[in-house]
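Taking it in order: structure first as structure tokens, then the write-up.
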Amino acid sequence: MSGDNSLRNWAVRIALRECADYINTHFAHEEQLMLLCGYKDFDMHKREHTEFSKLVLEKCTNFDQEDFHFALKLVKFLYGWILSHIAHTDRLFVDDLKAYLTMGGV
């Protein structure tokens with residue numbers, strides 16, 4: 001049974017690392033777009049990205065000390081945060097980006 005737990009922990013740890021890598025890539029690209037279009041709330045938005053990235057990295061680093069129940073709670077948290085961030089916070093700069101693109105931006 002401990003072999004199953006070990007394998008499961010390894011798989012979840014790998015998934016969290018991949019999530020963290022994707023988050024950093026996505027946030028960097030998104031932040032570049034915000035800067036290009038002159039998004040007025042860039043600093044606040046970047047702060048949210050930074051705090052979330054730190055949390056995910058911390059959870060990845062300390063995952064070995066947690067149990068599977070913790071992993072499930074973490075996945076639910078990640079899912080909820082990402083959905084709410086995309087559905088609300090990311091939409092706040094869409095008009096600025098559209099205006100930038102309309103004016104011939106990249």
Give the table of side-chain donor-acceptor pairs shorter than 3.5 Å for residues 87-98, with sequence neighbours excluded, one pair per line with atom names and distance.
{"residue": "Asp90", "atom": "OD1", "partner": "His45", "partner atom": "NE2", "Å": "3.0"}
{"residue": "Asp90", "atom": "OD1", "partner": "His85", "partner atom": "NE2", "Å": "3.0"}

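- Checked against salt bridge (charged side-chain N to carboxylate O under 4.0 Å, His left out), Glu31 has the following partners two or more places apart in sequence or in another chain: Lys46.
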For residues 22-29, which side-chain N or O atoms pair as donor and acceptor with protein atoms under 3.5 Å away, sequence neighbours left out?
{"residue": "Asn24", "atom": "OD1", "partner": "Ser53", "partner atom": "OG", "Å": "3.3"}
{"residue": "Asn24", "atom": "ND2", "partner": "Ala20", "partner atom": "O", "Å": "3.3"}
{"residue": "Thr25", "atom": "OG1", "partner": "Asp21", "partner atom": "O", "Å": "3.1"}
{"residue": "His26", "atom": "NE2", "partner": "Glu30", "partner atom": "OE1", "Å": "3.0"}

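- Grouping Ile, Leu, Val, Met, Phe, Trp and Tyr by side-chain contacts under 4.5 Å, direct or through others, puts Leu83 with Tyr79.
- Taking CG from Leu72 and NE2 from His69, the interatomic distance works out to 7.5 Å, rounded to the nearest 0.5 Å.
- Applying the ring-ring contact (aromatic ring centres under 6.0 Å, His included) rule to Phe42 yields no partners; only residues at least two apart in sequence or on another chain are considered.
- Contacts classified as salt bridge (charged side-chain N to carboxylate O under 4.0 Å, His left out) and involving residues 74-89 (residues at least two apart or in different chains) are not found.
- Counting non-hydrogen atoms of neighbouring residues, nucleotides and ligands closer than 6.0 angstrom, the CD atom of Gln32 reaches no more than 12 such neighbours.
- In the hydrophobic clustering of ILVMFWY residues, with side-chain heavy atoms under 4.5 Å counting as a link, Leu35 and Leu101 come out together.
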Steps toward side chain to side chain contact (heavy atoms under 4.5 Å, CB included) verdict (Glu58, Lys54)
CA-CA 6 Å; Glu58 176 186 307; Lys54 284 180 184 177; over 6 Å; no
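- Within the 4.5 Å cutoff, side-chain heavy atoms of Phe52 are placed close to those of Ile82.
- At a threshold of 4.5 Å between non-hydrogen side-chain atoms, the residues Phe77 and Leu55 count as touching.
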